[in-house]
Amino acid sequence: EGGQCPSPDEVERLAQLGAMGFGFDVFRTRRGERSWEDSFGLLLQYRQETGTTRVPHHYKADFRLGSWVAVQRKEYKLLVEGKSSRLTQERIQRLESVGFEWAVRRGHGDD
């Protein structure tokens, strides 16, 4: 835990995993937290697989992705209402460029 250096064997295993496409985010601030970029990348992958960005809020394959999509909509709504929001114009543009829908009715891919 914290401060220990990996052994040469561990370094080699990590390098092999990295070569196979495993990603290691060593800068996470909290256990299990994903960056916005990581979530956006997963949204792109979801869109490629399903043809839509309408990730269900309770998406069984990845609960965090469904929650992240819901948070983007919530943050956008705050911004539209003139309230403080963590959503930047750049992120809005990036989401819109991939067909992200800011408002979806329940029962239409968002529940």
Side-chain angles (χ1 to χ4, degrees):
E1 176 110 5
Q4 294 179 344
C5 292
S7 71
D9 286 340
E10 290 170 325
V11 169
E12 177 61 27
R13 281 189 223 119
L14 290 172
Q16 289 172 352
L17 288 170
M20 292 188 300
F22 284 87
F24 300 96
D25 184 355
V26 296
F27 298 108
R28 288 189 176 149
T29 56
R30 286 184 258 167
R31 186 178 209 102
E33 182 178 300
R34 268 188 200 147
S35 71
W36 193 93
E37 290 297 330
D38 288 343
S39 295
F40 184 74
L42 290 168
L43 176 65
L44 294 178
Q45 183 178 349
Y46 179 87
R47 184 187 73 158
Q48 183 176 6
E49 293 169 4
T50 66
T52 182
T53 59
R54 289 182 170 190
V55 181
H57 187 78
H58 298 288
Y59 179 48
K60 291 180 183 173
D62 187 342
F63 288 112
R64 290 189 294 171
L65 181 58
S67 294
W68 179 83
V69 165
V71 166
Q72 301 316 296
R73 289 189 179 113
K74 178 183 162 198
E75 291 293 324
Y76 182 78
K77 183 179 178 187
L78 289 172
L79 194 65
V80 168
E81 294 172 347
K83 298 178 182 173
S84 178
S85 171
R86 295 176 292 181
L87 195 59
T88 65
Q89 286 300 318
E90 177 194 358
R91 289 178 175 178
I92 290 169
Q93 290 171 351
R94 289 179 69 193
L95 287 165
E96 289 177 345
S97 76
V98 298
F100 191 84
E101 297 176 57
W102 297 109
V104 293
R105 295 188 317 253
R106 286 184 111 18
H108 292 85
D110 193 41
D111 55 23

I need the minimum non-hydrogen distance between His58 and Phe63, along with the two atoms involved. O-CE2, 4.0 Å
Quick one: list whatever passes side-chain hydrogen bond (donor to acceptor under 3.5 Å, both in side chains) with [X], sequence neighbours left out.
X: Glu90; answer: none
X: Thr50; answer: none
X: Arg94; answer: Glu37

Show, in sequence, the C-alpha distance, side-chain angles and deciding distance for Thr53 and Val69, and conclude whether the side-chain contact (heavy atoms from CB on, under 4.5 Å) test is met. CA-CA 9 Å; Thr53 59; Val69 165; over 6 Å; no
Partners passing side chain to side chain contact (heavy atoms under 4.5 Å, CB included) against Ser39 (at least two apart in sequence or in another chain): Arg34, Trp68
Going by the ring pair (Phe, Tyr, Trp, His ring centres under 6.0 Å) test, which pairs reach into residues 72-91, not counting sequence neighbours? Tyr76-Trp102
Cluster link Val71 to Val55, ILVMFWY, side chain under 4.5 Å: no
About how many Å separate [atom2] of [Y] and [atom1] of [X], when rounded to the nearest 0.5 Å?
X: Arg47; Y: Leu43; atom1: CZ; atom2: CG; result: 8.0 Å
X: Leu95; Y: Leu87; atom1: CG; atom2: CG; result: 6.5 Å
X: Leu79; Y: Arg91; atom1: CG; atom2: CZ; result: 12.5 Å
X: Lys74; Y: Arg86; atom1: NZ; atom2: CZ; result: 7.0 Å

For Lys83, salt bridge (Lys or Arg N to Asp or Glu O under 4.0 Å) partners two or more places apart: Glu81
Looking at Leu78, is its backbone amide N or carbonyl O close enough to the side chain of Ser85 to form a donor-acceptor pair, meaning the two atoms are under 3.5 Å apart? no
